[in-house]
Every structure is written in structure tokens, then in C-alpha cells.
*Asks:* 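My structure is below; once you've seen it, I'll send some questions.
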2 protein chains.
Amino acid sequence: MSVQSVERALDVLEALAEHGGEAGLSEIAARTGLPYGTIHRLLQTLLARGYVRQESDRRYALGGGLVRLGGVAESMVAVWAQPYLARLVELSGETANLAVLEGDFIVYVAQVPSPRRLRMFAEVGRRVLPHSTAVGKVLLAWRPGGDAVTVFERTGMPRRTPNTITDIQSMLAELGQVRSRGYALDLGEEELGVHCLAVPVLDGDRVVAAMSVSGPAERIGALDRGELAEGMRGIARDFAAELSPAAR
Amino acid sequence: MSVQSVERALDVLEALAEHGGEAGLSEIAARTGLPYGTIHRLLQTLLARGYVRQESDRRYALGGGLVRLGGVAESMVAVWAQPYLARLVELSGETANLAVLEGDFIVYVAQVPSPRRLRMFAEVGRRVLPHSTAVGKVLLAWRPGGDAVTVFERTGMPRRTPNTITDIQSMLAELGQVRSRGYALDLGEEELGVHCLAVPVLDGDRVVAAMSVSGPAERIGALDRGELAEGMRGIARDFAAELSPAAR
DNA sequence: CTCCTCTTTTCCGTATGATGGAAACCAAGT
DNA sequence: ACTTGGTTTCCATCATACGGAAAAGAGGAG
């Protein structure tokens, strides 16, 4: 049914990614539980094709080939998302966005703008830090364990507006709340006067993306959050279903 | 030495990417020359792991897993590039950038700013169209055959300034020149008053990235282009050597 | 400088697991 | 209902990946 060596090669790449993109042979062995000889052979193959590179201290790291494939894949996701984002716009009347976590940044990969005259636009491709956005909170709230903490340690939590949450304790509390109520808010924390509401796109219990609607504070404030979030979760679920129909 | 099934799985992924990220089984077979049964089995494996997804019309497409790995890999490249960009700044006195082609967009993945008071800054992560930048020209000039044409067909070539090259014939001539002299210029084609000079980072004869320096027209104009380009090519070569020491 | 330890790389006989041709299946159009 | 083009499944065969263990390197400590 499934090709063992390919699965293992993927295990190796994932182990490498989880180690921050760089690891020694033995660290990979510890993570994957595979014998040294096997890992080494797989790495040689990936190396020859440019999907892994070897540093001077003979540690291994993810290589440029993945950047290429990842880019193509990302542009596809944007296309698939279009109809779902359109539904979000219809539901809320506001601009809808799809964002993913890439490294430590939030990247907006697709958008459908609101039909209103006054509307948000966050150009597709823009990168922002996670702490000041609703999509960022969603993407981190559903991550395993201490992921969020380490991300914030690396990026810091610079103040963007007076409303930005800049201390890690408050943020962790916020993330807990986000998780329990199923959606995240951004009340002018990235830009004053701009509010957002975001929900996760879940594949099983793994978050693969976040969808949000954003617009001027007054209009967003006038909506019934619970109801809106409920509708958005439905759309996010449909989208997730299209992304991985019966995978795993 | 090398694991056959992994190599073939990579062939399949690359074939998919070259087809624009989406293809039927038989199209992949045509490209790779592998038997149907084999490809199908490999695809099932990649499918189960989320690196490929299947559309409702049972065609295959690159999946979300690649976005994740690609993101991690990209953030690594930025780190490795730092010292080389610093050398570029030292050489030119201007801001140095590293950019890659991601889908149809140019993405700036790393930057070291100039020490001058008046300096360029193009925030890392920014996406721009290729036709109006020196890095864009470089990345397309070294691509095989008609790649450049198809990219421009998809993106169009919107006028950014009076200097922007907006017609495809002139652009193809420009790319030929870029290739023959070994570097590309942007003379205020993306933004008036801002000039850039870019060189390719080559792995064998494949472009993996482009490095550029950019600054105010007067200062860039005062430099000896040939000499600067020569120095930059050396740095780009060193960087390429670090990226793939003895690969392929 | 030499020894010792830790990590990476190479080797090779074995049996596991990938292979691919061909047949069944499915969808869509005629 | 039939034909066609593409996709999925099957299975006997043997090429291939496997992994234990030994060799080679790289550092660090004495």
C-alpha cells in the first residue's frame, strides 16, 4: 500500500524541520528511531537532489529544493481557498483572509476583499509577527505544548499599538481562551481601528491554516461574535475537508 | 548509494511542480517515464502524509506538507546568507538583498542594510513582480527556455514607473543581455530614483537565488558597474559553494 | 602529541519490500 | 449501451533496501 523508504525519507525531513531545520545524524536517529545506516542512506539521496544540504561540520539541514516545491504548493493553496473565502465575505460582509505559519512569521496567502467601500486590504504575501494578529493567535493556540513560547522568545512581542499584548503571561492566558472558545480576536492590536476575528483550519487536531475576517472596528464590533464564529468554523471545516478528504 | 524509491518520489513531486502543481497520473507518467503502478503507489504514500492531495476529479496536486517544510527551509537560507550579504555591503556601501523566485513572485528572503544615512529598505518577506526588479530579471534570465514568457503571461507586466519595461519583446532582449554580461540592472523601474544591480547565485547552471545591492540612483550610478558585478559574482559563487559544497 | 570518545560513514549478506505488466475498474462522452 | 481514456488494484518475481557491525573521522582531555 505504502512505500516504506519514501515514508522514512519524509520522517527524516520532518525530524529535521522539527529540530529547527538543522540536525546531526544521531539527533535524527533519536527522533525517528531508525538505524544509522538507513538514515544516512536516505540523507545521501536527499542530498544529491538538493532537498537537504550538509554543513561544514557535517550536520544536515533542509535544502533549497524544498523552498521551490513549497512555493509552488503555497500558490496552489491560495487558489483552492478562493471559494471558501468568498463565502466568508458573504457571511460577514468583510474582507476575508487565509494565513499560514511559516517559520516564525504569519504569511497571508490568499484574500477576498469586502465589497464595501471602506475595506481592509492586507496584501497577499505580507509577513507579520503572530502576537498582534487574530490569525497568529489561532495558529499558535492550536500548536502543541511550548511551541508558542519558543516562537515568542525568538521573535519578541514588539508593541504595534497601545492595545498590543506584549507580555508573555497575558499572551498565554489569551491563547488558552482562544482555544477554549474556538476563535481569536484582534481588537486593534496590529493597527488601531482594525478588528479581526479568526478561526483555525484543522486537519484532525493539527492546525494547517487560519481564516479571518477583518474590517473597521465599528462594523466588526456590531456583529454577533459567537454567531459569526460559528458560521466561520463551518466554512473552515468545509475547507479542511477539501484539503484532506480522507487522509491520515 | 542512493535510494531508488525516494528518488522516484522526488521525480514525481518535481513533475507535479513543473506542471504547475497539479497533474493527472498519466501526465506524471509521461514526464517521468515511470510505469503507472509505481507512480500510483508513490502518490498514495505522499497522499497519506499530506505532501500531495487529490482533487475531486482525481487529479493530484502538491499538498500542504510542502508549504511547512518549504517555510522552514527558507528561513534557514536567510540565516546562511547573512555573512555574504554583509560582504556585499562592505564591497558596495549599499543595502544588500537575497531574493528567490516563489511561484511567479520574487520574494526577498534576507537583507543587510547599508550603513549610510540614506539607504534602501525593502522589508524581508516582501513579494514583487519580477519584471521591474534586477533580481527578478536575473532569476528569469537563467531559467530554461520559455519559463520567463509563461511567467510574464500569467503576471502581466504592469507599469510601475516611466522606466518600467512593459513589453515582452524588449524584456526578452533585456534578459538575453543580462545573461550574456552576467548581471542585471534596475534603473528606477520599480521605484523612481532607486537603482539596483543583481547577480545570480548558481548551483551548476541552475539559479537558486539572486543577490543584489540597491540604493539611490546617484550613488549606484557613480560605481563602476563592471567591477562591482565582478566582485559580486565572486561573493555569489562563495555563497553557492556553501549551499551545495559538492552536490550533484 | 596521543589516547579516548563520540559521531559519521561504509560494508555486505539477507529477506523484505518495491517492482511493473496486465487486468479490473471507473467516469464521461458518443 | 458502447467506447475510450484514464486510474486503481493485483500478484509473482527478484531487485533493492535493510540494518548490524566494523571502519573511519573529529574533537577533547590529559
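Residue numbers start from 1 in every chain, and the chains themselves are labelled A, B, ... in the order their sequence lines are given, proteins ahead of strands. These numbers come from a predicted model, not from an experiment.
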*Asks:* Separation of B:Leu42 atom CG from D:dT9 atom C1', in whole Å?
*Replies:* 15 Å
*Asks:* Please round to 10 degrees the angle between the axis of the first five pairs and the axis of the last five pairs in the helix from C:dC1-D:dG30 to C:dT30-D:dA1.
*Replies:* 40°
*Asks:* B:Ile28 has an atom CD1; how far is it from atom C1' of C:dG20, in whole Å?
*Replies:* 17 Å
*Asks:* With A:Glu90, which residues qualify under salt bridge (Lys or Arg N to Asp or Glu O under 4.0 Å), at least two apart?
*Replies:* none
*Asks:* Considering residues at least two apart in sequence or located in another chain, which fulfil the salt bridge (Lys or Arg N to Asp or Glu O under 4.0 Å) criterion with A:Arg87?
*Replies:* A:Asp238
*Asks:* Ring-plane angle category for A:His131 and A:Phe152, please: parallel below 30°, perpendicular beyond 60°, tilted otherwise.
*Replies:*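 Aromatic pair A:His131/A:Phe152 classed perpendicular.
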*Asks:* Would you name the heavy atoms of A:Gln54 and A:Leu47 that are closest together and state the gap between them?
*Replies:*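 Answer, listing the atom of A:Gln54 first, then A:Leu47: N-CD1, 3.7 Å.
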*Asks:* Indicate yes or no: does A:Glu14 engage A:Arg31 in a salt bridge with an N to O separation below 4.0 Å.
*Replies:*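 Not counted as a salt bridge, because no side-chain N and carboxylate O are separated by less than 4.0 Å.
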*Asks:* To check you understand the geometry: which heavy-atom pair defines the closest contact between A:Val199 and A:Gly182, and what is its length?
*Replies:* CG1-O, 4.1 Å
*Asks:* Checking the side chain of A:Thr38 only, and the main-chain atoms of A:Leu34 only, is there a donor and an acceptor separated by less than 3.5 Å?
*Replies:*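 A pair under 3.5 Å: no.
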*Asks:* Between residues 3-20 of chain A and DNA chain D, which residues have a heavy-atom gap below 4.0 Å?
*Replies:* A:Gln4, A:Ser5, A:Arg8
*Asks:* Nearest-Å distance, CD (A:Gln44) to C1' (C:dT10)?
*Replies:* 10 Å
*Asks:* Please report, rounded to the nearest Å, how far the P atom of D:dT7 is from the CD1 atom of B:Ile39.
*Replies:*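 Going from CD1 in B:Ile39 over to P in D:dT7 covers 10 Å.
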*Asks:* For nucleotides 4-8 of chain C, which of its nitrogen or oxygen atoms have a protein nitrogen or oxygen under 3.5 Å away, and what is each distance?
*Replies:*
from  : atom 1 : to      : atom 2 : distance (Å)
C:dT8 : OP1    : A:Leu25 : N      : 3.0
C:dT8 : OP2    : A:Ser26 : N      : 2.7
C:dT8 : OP2    : A:Ser26 : OG     : 2.9
C:dT8 : O3'    : A:Arg58 : NH1    : 3.4

*Asks:* Kindly give the heavy-atom pair with the smallest separation between A:Arg49 and B:Asp11, and that separation in Å.
*Replies:* NH2-OD1, 2.7 Å
*Asks:* So, does the side chain of B:Arg41 form a donor-acceptor pair with the base of C:dG17 at under 3.5 Å?
*Replies:* no
*Asks:* Could you tell me the separation between the CD1 atom of A:Ile235 and the CG atom of A:Leu91, rounded to the nearest 0.5 Å?
*Replies:* 5.0 Å
*Asks:* Phosphate oxygens OP1/OP2 of D:dG19: is one of them under 4.0 Å from a side-chain N or O of A:Thr38?
*Replies:*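 A:Thr38 to D:dG19 OP1/OP2: side-chain N or O found under 4.0 Å.
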*Asks:* Closest approach of A:Ala184 and A:Val138, non-hydrogen atoms and distance?
*Replies:* CB-CG2, 3.5 Å
*Asks:* Using the side-chain contact (heavy atoms from CB on, under 4.5 Å) criterion, which residues pair with A:Arg59? Sequence neighbours excluded.
*Replies:* A:Glu22, A:Glu27, A:Glu55, A:Asp57
*Asks:* Base, sugar-phosphate, or nothing: which does B:Ser2 touch, judged by heavy atoms less than 4.0 Å apart?
*Replies:*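 Since only primed, P, OP1 and OP2 atoms lie under 4.0 Å of B:Ser2, the category is sugar-phosphate.
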*Asks:* In whole angstroms, how far is the C1' atom of C:dG20 from the CG atom of B:Leu34?
*Replies:*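 After rounding, the gap between these two atoms is 11 Å.
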